[in-house]
Peer 1: 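Before we start, here is the structure in question, set down as structure tokens.
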Amino acid sequence: MSKKIYVGNLPWSATDEDVAELFSQHGDVISSRVITDRETGRSRGFGFVEMDESAANAAIEALNGVEMGGRALRVNEAQERKPRNSW
DNA sequence: GTTGAGCGTT
């Protein structure tokens, strides 16, 4: 199974790849996405990462507060946007 | 050529 992770306070220059590689250091990253403003195409400074449940928990604990590009990352379990049958 | 709390597209 997998779990969604919210990651905020990202530097403007951070990309999906940057987040993926950072999180992959603590587990297998299933998918990663940095949210960009669809109107301007610029980064909104936060994103989401999907990982295995245990890996996600480990990554949250390991990466929350870690500095990336001089900014302390906010890592937390994400709220799911589309609540789908998940059991 | 910018900005800074937040929970994203099918």
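Computed over heavy atoms, backbone and side chain alike; hydrogens, waters and symmetry mates excluded. By convention in this document, chain letters (A, B, ...) are assigned in the order of the sequence lines, proteins followed by strands, and residues within each chain are numbered from 1.
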Peer 1: Less than 4.5 Å apart, side chain to side chain, heavy atoms only: is that true for F46(A) and N9(A)?
Peer 2: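 Contact flag for F46(A)/N9(A) side chains = no.
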Peer 1: Provide the closest heavy-atom pair for V7(A) versus F48(A) in the form atom of the first, atom of the second, distance.
Peer 2: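 Shortest heavy-atom contact: CG1-N, 4.1 Å.
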Peer 1: Nucleotide by nucleotide, 5' to 3', does protein get under 4.0 Å of the base (B), only the sugar-phosphate (S), or neither (-) in nucleotides 1-8 of chain B, counting heavy atoms?
Peer 2: -BBBBBBB
Peer 1: Can you give each donor-acceptor pair under 3.5 Å made by side-chain atoms of residues 59-78 of chain A, sequence neighbours left out, with the distance rounded to 0.1 Å?
Peer 2:
unit_1	atom_1	unit_2	atom_2	d
N64(A)	OD1	V75(A)	N	3.0
R71(A)	NH1	G69(A)	O	2.5

Peer 1: Is there a donor-acceptor contact under 3.5 Å from the side chain of D37(A) to the main chain of R42(A)?
Peer 2: no
Peer 1: Taking only residues at least two apart or on different chains, which pairs with a member in residues 19-31 of chain A satisfy side chain to side chain donor-acceptor pair (under 3.5 Å)?
Peer 2: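 Matches after skipping sequence neighbours: S31(A)-E50(A).
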